[in-house]
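Note that ligands are numbered from 1 as they come in the structure, with each ligand's atoms numbered from 1 the same way.
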Amino acid sequence: MKTYHAIEWLAEGKLRLIDQRRLPQELVYCDYSDYHEVAVAIREMVVRGAPAIGITAGYGLALAAWYSPATDVETLRADLRAADAVLRAARPTAVNLFWALERVLRRAADPTLTTVAAIRKAVLAEAHAIYAFEAESNFRIGQNALPLVPDGAKIIHHCNTGPLATGEYGTALRVITAAHEAGKRVFAYVDETRPRLQGARLTAWELQQWGVPFTIIVDGAAAHIMRTVGIDLCVVGCDRIAANGDTANKIGTYSLALAAKAHNVPFYVVGPTSTIDMTLASGDDIVIEQRSADEVTRFEACQIAPAGASATNPAFDVTPAAYITAMITERGVVYPPFKENLARLMA
Ligand code: MRU
């Protein structure tokens, strides 16, 4: 069971985050009172994972409201819009960031809130509600996934989708931990997830806390493991699902889906409905974050590529819906045809 909170609101008006860049070597907490610093924390991946980014952004607006010097409601709402602009520029791909910001701003715009104190209170309550929604969704996802995980399952997991990435139980990782808690024998193959190693550093750390047996594999080993060991299912998270089911997730997800298709392995995308973006017709419209070449050419302080070598570093890829067996959400399991069934789910 987990004993840590990746994101925590402190009563005195501070946001506490685990610095995920320093795990598993050190468990370090950072406290924030300035939303500008929260935006930097999201960009620099102190906190990461789509639902966790959304929760954090909600609290970023709560900080903006708490510390705004505004004495009238219109000035406070203008300060919140300014904070929204800063926070939404932090990272482009995970739709949860925008979903959470829009939710909090909509709450702040409620015309029945007629005092600065009332808006501050409502903004914080909405941020808490976003956290509660994600926590509840995490739990339901685990329950909904149980029938899909056979006893003795060998499962490949990509990136990190545990409590660190989602606030509470996890999403794709919750499929594994819920089956384990239910008494099923499960074994996880943890993709290391180049270049930031969210799998080797964070997923391995979280599975250790849960007591789930696992082994780490390099991303390129997945197809080999499918062919030689036999894998029962793959589970991955999601950063944005378009209306037709195309799914953006951590780079390497698409290759894993192709390998799964070639080996007849069920491939499940797991996430809350806050990650579904019905405004985008297909994955072609999803903005893919490009990160620094240093993440590829260096390993922390150590240069590993020749000095001056260029590197291209897309942080996410889009898996076409045709390679996805089903999506596991808090509202249930969605099968193809995704266009129709996602529309029904979101109606
Ligand atoms: O760059 P990151 O670490 O924020 O990317 C995270 C992922 O791609 C996760 O798989 C996704 O956000 C789902 S988290 C439940």
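- Listed by number with element, the atoms of ligand 1 under 4.0 angstrom from any heavy atom of A50 are 12 (O), 14 (S).
- Remark: distances from the non-hydrogen atoms of A315 to ligand 1 are all 4.0 Å or more.
- Side-chain contact, T177 with R174: a donor N or O sits under 3.5 Å from an acceptor N or O.
- Residue G49 has at least one nitrogen or oxygen atom sitting less than 3.5 Å from a nitrogen or oxygen atom of ligand 1, judged on distance alone.
- Heavy-atom contacts from other residues, nucleotides or ligands closer than 6.0 Å to CZ of R227 number 12 or fewer.
- Near A165, with a cut-off below 4.0 Å to any heavy atom, the atoms of ligand 1 are 14 (S).
- N160 and E206 form a side-chain donor-acceptor contact under 3.5 Å, judged by distance and modelled atom types alone.
- For the pair F187 and I155, the minimum side-chain heavy-atom distance is 4.5 Å or more.
- Polar contact check, F316 against ligand 1: no nitrogen or oxygen pair lies under 3.5 Å apart.
- Under 4.0 angstrom from ligand 1, the non-hydrogen atoms of C238 all belong to its backbone.
- Polar contact check, T166 against ligand 1: no nitrogen or oxygen pair lies under 3.5 Å apart.
- For the residue pair N313 / E295, a side-chain donor-acceptor distance below 3.5 Å is found, with atom types taken as modelled.
- With a 4.0 Å cut-off on non-hydrogen atoms, C159 touches ligand 1 through its side chain and not its backbone.
- Counted by atom type alone, E136 and Y169 present zero donor-acceptor pairs between their side chains at under 3.5 Å.
- Judged by the 6.0 Å distance and 45° axis criteria, K154 is not positioned over the aromatic ring of Y189.
- In T161, the parts holding a heavy atom less than 4.0 Å from any atom of ligand 1 are both the side chain and the backbone.
- Numbered from 1 in the order shown, with element, the atoms of ligand 1 that lie under 4.0 Å from a heavy atom of R91 read 1 (O), 2 (P), 4 (O).
- Close contacts between ligand 1 and P51 involve ligand atoms 14 (S), 15 (C) [criterion: under 4.0 Å to a heavy atom].
- The parts of K250 lying near ligand 1 are both backbone and side chain, judged by heavy-atom distances below 4.0 Å.
- Under a 4.0 Å criterion applied to the non-hydrogen atoms of N249, ligand 1 contributes the atoms 7 (C), 8 (O), 9 (C), 10 (O), 11 (C).
- Of the protein's non-hydrogen atoms, the one nearest atom 15 (C) of ligand 1 is T171 OG1, 3.1 Å.
- Inspection of the T203 and Q198 side chains reveals no N or O donor paired with an N or O acceptor under 3.5 Å.
- Residue V123 forms a side chain to side chain contact (heavy atoms under 4.5 Å, CB included) with just one option from L113, L105, V104, and that option is V104.
- Of all the heavy atoms of M45, the ones lying under 4.0 Å from any atom of ligand 1 belong exclusively to the side chain.
- Near Q198, meaning under 4.0 Å from any of its heavy atoms, are these atoms of ligand 1: 1 (O), 2 (P), 3 (O).
- In this structure, the protein non-hydrogen atom closest to atom 8 (O) of ligand 1 is D239 OD1, 2.8 Å.
- At a cut-off of 3.5 Å, with distance as the only test, no side-chain donor of T247 or N249 sits close to an acceptor on the other residue.
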